[in-house]
Amino acid sequence: MNAKVRLGEFLQTRRSQLRPKDLGIPGYGERRRVPGLRREELASLAGVSVSYYTRLEQGQSLNASPQVLDAIAAALRLEETERLHLHNLARSSATGAGRGRRPAPERVTEATGQLLEALGHVPAIVTGRRSDVLAWNRLGHALFAGHLDPGAPDRPAERPNMARLVFLDAHTRDLYADWPAKARAVVGNLRLVAGRHPDDTALHTLVGELSAKSSDFASMWADHRVTACAVATYEMRHPLIGELTVTQQTLSHGQGQGHGQGQEQNIVIATTEADSPARTTLALLDQVTPQHDPTRPGVRAGSG
């Protein structure tokens with residue numbers, strides 16, 4: 001999708017989700033044809049002209065200053081993650097990004113592999129920019145995708161993708177008692193990545209596939225919500241060990257410099273409260289899960 005269109009759709013969606021009465025804008029009993037704020041109301045709150053804001057929303061103004069974008073973000077009541085996303089979209093629109101670029105191969109570094117191995121008794125997986133599983137340790141595989149081949153991350157063409165699993169895989173869907181919450185987090189994160197990397201053709205292909213195959217994904221994607229889920233608690237229903245509550249933490253780090261050039265990787269770990277039933281349940285999973293590789297008992301890592 002064209003970067004200008006993405007910017008316009010984000011602004012329109014956020015504007016439509018604001019209620020005038022929440023912003024102190026009197027309605028005088030009138031019936032509005034569309035929900036949310038009118039363009040002129042948003043422009044007034046942001047301190048810009050209606051014509052300028054209209055051009056921005058229509059992708060005809062390509063050089064919005066950071067100050068103007070911050071004013072619009074404030075008027076839209078955007079959270080910090082959403083504000084940064086707006087800046088990324090505007091930057092992409094101005095530079096013409098989005099023409100498509102062949103994605104660089106994603107690989108797990110030796111240092112990341114060592115970290116994953118050190119987390120031998122904590123479920124952990126390494127995901128790439130587009131949520132492909134680049135590596136997992138023994139418990140990470142057992143908790144999140146025990147029904148899949150443990151060696152799948154070793155083969156780039158067959159790597160599991162966590163977004164695909166959440167939306168298209170019945171086993172993964174059943175893992176989460178509150179599946180919609182997990183699904184929204186996945187979509188929100190993909191939105192953030194798409195804003196940072198508008199020229200990632202592999203990401204566009206993934207979004208197109210999920211939109212075509214999952215009406216849930218298509219609906220959530222159209223909502224334009226962005227989410228940076230560093231920490232989230234989920235009730236899981238594991239087929240081997242039953243119910244447990246885990247805290248999923250995402251540790252992010254980039255490799256390389258520059259937009260679209262460096263590899264962005266996440267280490268997702270699942271922890272439980274000390275002395276909780278979930279801790280006991282997770283320990284049971286550790287006991288019943290077989291070793292993958294006698295020479296590297298904790299890790300399955302893809303080579304790129």
Side-chain angles (χ1 to χ4, degrees), residues 1 100-108 116 123-137 139-229 232 234 236-239 246 248 250 252 263-270 300-304:
M1 182 183 294
R101 178 182 300 169
R102 184 176 181 178
E106 294 184 299
R107 298 180 177 87
V108 175
L116 201 59
I125 62 175
V126 179
T127 60
R129 177 195 297 173
R130 307 165 203 93
S131 75
D132 291 326
V133 178
L134 308 182
W136 48 28
N137 64 9
L139 280 182
H141 166 254
L143 180 64
F144 293 109
H147 62 304
L148 300 181
D149 179 359
D154 294 340
R155 303 182 292 273
E158 301 175 27
R159 282 173 174 163
N161 177 278
M162 293 308 297
R164 284 195 187 95
L165 290 177
V166 167
F167 281 95
L168 304 180
D169 181 77
H171 173 97
T172 305
R173 189 172 187 132
D174 288 343
L175 273 179
Y176 294 91
D178 187 355
W179 178 84
K182 179 62 178 179
R184 285 191 296 269
V186 168
V187 174
N189 179 69
L190 282 181
R191 270 284 177 199
L192 279 177
V193 176
R196 291 196 298 267
H197 304 282
D199 54 357
D200 189 327
T201 56
L203 178 60
H204 297 326
T205 298
L206 173 64
V207 169
E209 174 193 348
L210 293 175
S211 297
K213 294 181 178 179
S214 169
S215 59
D216 290 320
F217 181 89
S219 176
M220 293 181 189
W221 187 257
D223 191 48
H224 283 263
R225 291 288 179 185
V226 294
T227 311
C229 282
Y234 295 106
M236 301 187 75
R237 300 175 297 198
H238 197 277
V246 303
Q248 293 185 16
T250 301
S252 302
Q263 292 191 37
E264 298 178 11
Q265 297 182 0
N266 301 311
I267 301 177
V268 182
I269 61 175
R300 293 297 313 198
S303 58

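As the structure is a computational prediction, the values presented were derived from the model and not from experiment.
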Legend entry - Contact check, side chains of Met236 and Gln248, non-hydrogen atoms, under 4.5 Å: yes

Legend entry - Which atom of Glu106 lies closest to which atom of Asp132, heavy atoms considered: OE1-OD2, 4.1 Å

Inset, instruction - Test Thr172 against His147 for side chain to side chain contact (heavy atoms under 4.5 Å, CB included), laying out the working first. - result: CA-CA 9 Å; Thr172 305; His147 62 304; 4.1 Å; yes

Legend entry - Within-4.5 Å side-chain heavy-atom neighbours: Leu175 and His238: yes

Legend entry - Gap between atom OG1 of Thr227 and atom CG of Leu190 - 0.5 Å precision: 10.5 Å

Inset, instruction - Step through it carefully: locate the ring centre of Trp179, locate the ring centre of Phe167, and say whether they are under 6.0 Å apart. - result: yes

Legend entry - Heavy-atom closest pair, residues Pro150 and Trp136: O-NE1, 2.9 Å

Inset, instruction - Check ring-ring contact (aromatic ring centres under 6.0 Å, His included) between Phe144 and all other residues, then give those that pass, not counting sequence neighbours. - result: none

Legend entry - Backbone of Ala124 reached by a side-chain donor or acceptor of Asn137 within 3.5 Å: yes

Legend entry - Beyond-backbone contact of Asp178 with Tyr234, side-chain heavy atoms, under 4.5 angstrom: no

Legend entry - Partner residues of Asp174 under the salt bridge (Lys or Arg N to Asp or Glu O under 4.0 Å) criterion, sequence neighbours left out: none

Legend entry - Pairwise side-chain contact, Val268 with Met162, heavy-atom cut-off 4.5 Å (strictly under): no

Legend entry - Salt-bridge criterion met for Arg155 and Asp149 (N-O under 4.0 Å): yes

